[in-house]
Amino acid sequence: NFIDIGYRFIPKYWKKGYGLEAAIACLDYGFNTLNFDVIYGSADIKNAGSNKILQKIGLQFVNEFTFENIKANWYELKKEDYGK
């Protein structure tokens, strides 16, 4: 039971800023419209771009975990910390 932020793009749209724009819009909608208390995110530890986006929008690293034999980073952002 958690709300997580996510986005997927085909490679020709990588590194164009769309992931960051989508992530910012998702946070705004999640906290300000849907009134969530916490939003989570995860990214394959090898996916530098997604990890960078999650950190850039303010999510804080919590821990590393393995899902279907893939190591991933787990992040969270609490509503009270949103926008700081």
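The basis for the numbers below is simple: all heavy atoms, side chains too, and nothing from hydrogens, waters or symmetry mates.
- Transitive grouping of hydrophobic side chains (ILVMFWY, heavy atoms separated by less than 4.5 Å) brings Ile53 and Tyr29 into a common cluster.
- The shortest distance between side-chain heavy atoms of Leu20 and Lys56 falls below 4.5 Å.
- Nearest heavy atoms, Tyr7 versus Ala23: CE2-CB, 4.2 Å.
- Remark: Leu54 CG to Trp74 CH2 distance equals 10.5 Å, nearest 0.5 Å.
- Every residue two or more places apart in sequence or in another chain that forms a side-chain hydrogen bond (donor to acceptor under 3.5 Å, both in side chains) with Lys79 is listed here: Asn35.
- In this structure the side chain of Trp14 reaches within 4.5 angstrom of the side chain of Pro11, judged on heavy atoms.
- The ring-ring contact (aromatic ring centres under 6.0 Å, His included) test applied to Tyr18 returns no partner, not counting sequence neighbours.
- Residues passing the ring-ring contact (aromatic ring centres under 6.0 Å, His included) test with Tyr82 are Phe31, sequence neighbours excluded.
- In this structure, Phe61 places its CZ atom where more than 12 heavy-atom neighbours from other residues, nucleotides or ligands lie under 6.0 Å away.
- Residue pairs that meet the side chain to side chain donor-acceptor pair (under 3.5 Å) test with at least one member in residues 59-71, sequence neighbours left out, do not exist here.
- Within the 4.5 Å cutoff, the side chain of Ile57 has heavy atoms near those of the Ile5 side chain.
- Every residue two or more places apart in sequence or in another chain that forms a salt bridge (charged side-chain N to carboxylate O under 4.0 Å, His left out) with Asp81 is listed here: Lys84.
- Judged as a side chain to side chain donor-acceptor pair (under 3.5 Å), the pairs with a partner in residues 45-55 (not counting sequence neighbours) are, in order, Asn47-Ser50, Asn51-Asn73, Asn51-Tyr75, Gln55-Tyr75.
- Considering only residues two or more places apart in sequence or on other chains, Phe67 meets the side-chain contact (heavy atoms from CB on, under 4.5 Å) condition with Phe65.
- Taking CG from Leu59 and CG from Leu27, the interatomic distance works out to 6.0 Å, rounded to the nearest 0.5 Å.
- For Asn32, the side-chain hydrogen bond (donor to acceptor under 3.5 Å, both in side chains) partners at least two apart in sequence or on another chain are Asp28.
- Residues forming a side-chain contact (heavy atoms from CB on, under 4.5 Å) with Phe36 (at least two apart in sequence, or on another chain): Ile3, Leu34, Ile39.
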